[in-house]
Amino acid sequence: MLDALDTAQADLHGGRAPWGRGLRPPRHGSLKQSIKTEVLVVGGGITGSLAAQHLAARGVDVVIVDREQPGLGSTAASTAMLQWEIDCTLGELTNFYGFDRAATLYQRSAGAVHGLSSLVGALSIDCSFRPRSTLYLSAGEAGPSALRDEHLLRQRAGLPGTLLDHAELLSGFGIDRAAAILSPGSAEADPVLLSWGLLHDAEARGARLFDAMVTEYHDAPGSVTVETDGPFVIEARHVILATGYLMPDFVRCGIHQTASSWALATVPQAPGSLWRDGALIWEASQAYNYARTTADGRIIIGGEDDGTIDPAVRDGKMPQKTAALVESLVRLWPAANPVVDFSWSGAFGETEDGLPLIGAVPGMPRILAAYGYGGNGITFSFMASRMLAELCAGRRESWFDAFAIDRPPPAG
Ligand SMILES: Cc1cc2nc3c(=O)[nH]c(=O)nc-3n(C[C@H](O)[C@H](O)[C@H](O)COP(=O)(O)OP(=O)(O)OC[C@H]3O[C@@H](n4cnc5c(N)ncnc54)[C@H](O)[C@@H]3O)c2cc1C
């Protein structure tokens, strides 16, 4: 578990990813006095930006605080594959929670990527956002029959996708694996530019952004007052915790753990040498590798996850993890020019059921958590922004329970 107060952005990731180049984060001044607001969002990464933008667009008075540069926490280490497929397959989620609930969650996830695409389009955010299909490749024990079962279940849930056998995958994509599920409806982006674009829009709608660290939370019946690292306090009707992998101690949750992940971006590839349609690629295995392309023609490949928590140990493993990722890249796409331009590492959060932690902190109904863990953390951040805005307005839906922070470990 990373210490919420002592862990800086520099501890959340090492090395350098290719995001946000040439641009600077939104400016945020310091607090000059104690203030009141309807909703305080703590954290200005992609999660806080989505929440703040959505609330501001609904006419809610919002304050965002970040103790460092907005967007340069875990968001800057993301590979930003914006998928609706959840880290747990529909089959696994069905084993945990039954088909109906699992199907609903997958449908909600698909709706979230669609909603994010519409939002980026409506706001014209310049963040290399591109709609993408995904290729879910058979790997290890998950061979063609496992993929067929998953595909049938997805069909039953009304989710789009086509099962490709070895010959179809090889002739269609030049990828030599036993099978794959090809699914439309995902996307990719530069996560830092996306986050900054959302923050700019939120500010244009009246949201206020400050440079401050929240150190204490005092939950009272009608409001929450937070102490900051300066002399001033902020009082809000609701507080949204969007602090990424740094959870305050009072958020007790038994089903998540912190790990580490590594990624690299190659030099731009020769024109015409990338796989078809720049599909987002990921593998049907527990510790999977994943790959995407970028608007300037690079290949990004990530994975090699392990349970490392210590930032220095994580960053020390960069040479060996980068070498392993290069090997995986060459196996996946032999035509790649594997010269590495960027390599980086990052803290990564996971839950046992692949689902995020979104909703009121138990016993603190005005403090709302937005922790979108897993390989589709950003998709979950979008869901969090919509769900928490509803909760702030006093409305809740029964499916929100699936993301409860105090849910028991999944059975099955
Ligand atoms: C290597 C890697 C690859 C990934 N790939 C993908 C992917 O392909 N697709 C995907 O969807 N997700 C991916 N993720 C996950 C995704 O990046 C995260 O879910 C997401 O970036 C989390 O964003 P956030 O805004 O919640 O956190 P952050 O970006 O870390 O933002 C939290 C902010 O809170 C601030 N803060 C913390 N504590 C305080 C405090 N007390 N007071 C004030 N401010 C505070 C921090 O300074 C920080 O700016 C990946 C993650 C990693 C590390």
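Nothing here was measured: the structure is a model prediction, and the numbers come from that model. Every number for a ligand or one of its atoms is a count from 1 in the order of the listing.
- Where the criterion is an N or O separation shorter than 3.5 Å, residue side chain and backbone included, Asp66 meets it with respect to ligand 1.
- The salt bridge (Lys or Arg N to Asp or Glu O under 4.0 Å) analysis of residues 265-288, with sequence neighbours excluded, yields the pairs Arg177-Glu283.
- Within the 4.0 Å heavy-atom shell around ligand 1 one finds Tyr245.
- Any N or O atom pair closer than 3.5 Å counts here, and Tyr290 shares no such pair with ligand 1.
- Close contacts of ligand 1 with Ala77, meaning ligand atoms under 4.0 Å from a residue heavy atom, involve 1 (C), 2 (C), 3 (C), 52 (C).
- Less than 4.0 angstrom separates some heavy atom of Ala242 from each of these atoms of ligand 1: 32 (C), 33 (C), 34 (O).
- When side chains are defined from C-beta on, Val226 does not count as touching His218, because their heavy atoms never get closer than 4.5 Å.
- Within ligand 1, counting atoms from 1 as listed, the ones closer than 4.0 Å to a heavy atom of Gly244 are 26 (O), 27 (O), 32 (C).
- Heavy-atom contacts of Ser78 reach the following atoms of ligand 1: 3 (C), 4 (C), 5 (N), 6 (C), 7 (C), 12 (N), 13 (C), 14 (N), 16 (C), 17 (O), 50 (C) (cutoff under 4.0 Å).
- With a 4.0 Å cut-off on non-hydrogen atoms, Ser195 does not touch ligand 1 at all.
- Ligand 1 places these atoms under 4.0 Å from at least one heavy atom of Gly43: 33 (C), 34 (O), 35 (C).
- Aromatic ring pairs are classed by plane angle as parallel below 30°, tilted from 30° to 60° and perpendicular above 60°; the pair Trp19 and Trp344 is perpendicular.
- Ala263 does not count as a contact of ligand 1, since none of its heavy atoms falls under 4.0 Å from the ligand.
- Atoms of ligand 1 lying under 4.0 Å from at least one heavy atom of Val42, given by number and element, are 40 (C), 42 (N), 43 (C).
- Shown in contact with Gly45 at under 4.0 Å from a heavy atom are these atoms of ligand 1, numbered in order with element: 25 (O), 29 (O), 31 (O).
- Taking any N or O of Met81, backbone or side chain, at least one lies under 3.5 Å from an N or O belonging to ligand 1.
- Residue-level proximity to ligand 1 for Ala80 is carried by the backbone, the only part with a heavy atom below 4.0 angstrom.
- Note on ligand 1: Pro70 sits outside its first shell, no heavy atom being nearer than 4.0 Å.
- Near Gly372, meaning under 4.0 Å from one of its heavy atoms, ligand 1 places the atoms 19 (O).
- Geometrically, ligand 1 and Thr79 share a nitrogen or oxygen pair separated by less than 3.5 Å.
- Pairs of residues two or more places apart, or lying in two chains, never qualify as ring-ring contact (aromatic ring centres under 6.0 Å, His included) while including a residue from residues 176-214.
- Shown here for Ala17 and Ala76, the closest heavy-atom pair between the two residues is CB-O, 3.4 Å.
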